[in-house]
> 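Here it is, the structure in full.
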Amino acid sequence: MGSISRHLERVKAVDHFRLTIGHEVLGVYLHWLGLAADEACTICGHARMDGDHLLECTGLDEYPTDDIVSRYWEAWRQMVKKPSMSVG
């Protein structure tokens, strides 16, 4: 296994860990940190954007539900494109 593939495996493991403990860069955690006005999903409008929601988010339908890391990073990319997460 090359150093790049080992690094990618580590990145996936870290993402899984963050999603498991709830310390991911999603609405619920950002709201808890005081960086977002609410916990809502900026992609589909669901009331609570957390790791569990990523499996159901209609804005991520092109990504398989068994690949939570890809869904997480795509959600993050879409959130960056829509900087509507202002603190109110």
> Would you call Gln78 and Thr42 a side-chain contact if the rule is heavy atoms closer than 4.5 Å?
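No, their side chains stay 4.5 Å or more apart.
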
> Quick one: do Leu54 and Trp76 end up in the same hydrophobic cluster if we chain Ile, Leu, Val, Met, Phe, Trp and Tyr together by side-chain heavy atoms under 4.5 Å apart?
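Hydrophobic grouping puts Leu54 with Trp76.
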
> Treating Tyr72 as the side-chain partner and Val25 as the backbone partner, does any N or O pair qualify as donor plus acceptor under 3.5 Å?
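Here the side-chain-to-backbone pair exists.
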
> Between Leu19 and Gly51, what is the shortest heavy-atom contact and its length?
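Heavy-atom minimum between the residues: CD2-CA, 3.9 Å.
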
> With side chain to side chain contact (heavy atoms under 4.5 Å, CB included) as the criterion, how do Glu74 and Ile43 come out once you've worked through the C-alpha distance, each side chain's angles and the decisive distance to 0.1 Å?
CA-CA 10 Å; Glu74 178 57 24; Ile43 299 168; over 6 Å; no

> For the CG atom of Leu60 and the CZ atom of Arg77, what is their distance to the nearest 0.5 Å?
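Taking CG in Leu60 and CZ in Arg77, the distance rounds to 10.0 Å.
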
> So, do Val28 and Leu30 sit near enough that their side-chain heavy atoms are less than 4.5 Å apart?
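The answer is no; the side chains never approach within 4.5 Å.
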
> Going by the angle between their ring planes, with limits at 30° and 60°, are Trp32 and Tyr29 parallel, tilted or perpendicular?
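If you compare the ring of Trp32 with that of Tyr29, the planes turn out parallel.
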
> To the nearest 0.5 Å, what is the distance between CG on Asp15 and OG on Ser70?
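Nearest 0.5 Å value for the CG-OG distance: 9.5 Å.
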
> Check whether any side-chain heavy atom of Thr58 lies under 4.5 Å from a side-chain heavy atom of Asp61, and answer yes or no.
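The answer is yes, as the side chains (C-beta and beyond) meet within the 4.5 Å cut-off.
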
> Is there a continuous path of hydrophobic side-chain contacts, each under 4.5 Å between heavy atoms, that joins Trp73 to Met49?
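In one cluster with Trp73: Met49, yes.
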
> Please report the interatomic distance NE2(His46) to CD(Glu39), rounded to the nearest 0.5 Å.
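It comes to 11.0 Å.
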
> Could you walk me through whether Cys44 and His53 pass the side chain to side chain contact (heavy atoms under 4.5 Å, CB included) test, one step at a time?
CA-CA 10 Å; Cys44 72; His53 171 66; 3.4 Å; yes

> Shortest non-hydrogen contact from Asp50 to Leu26?
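So the minimum-distance heavy-atom pair works out to C-CD1, 3.6 Å.
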
> How close do Glu56 and Arg71 get, counting heavy atoms only, and between which atoms?
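Nearest pair, atom of Glu56 first, then Arg71: N-NH2, 4.2 Å.
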
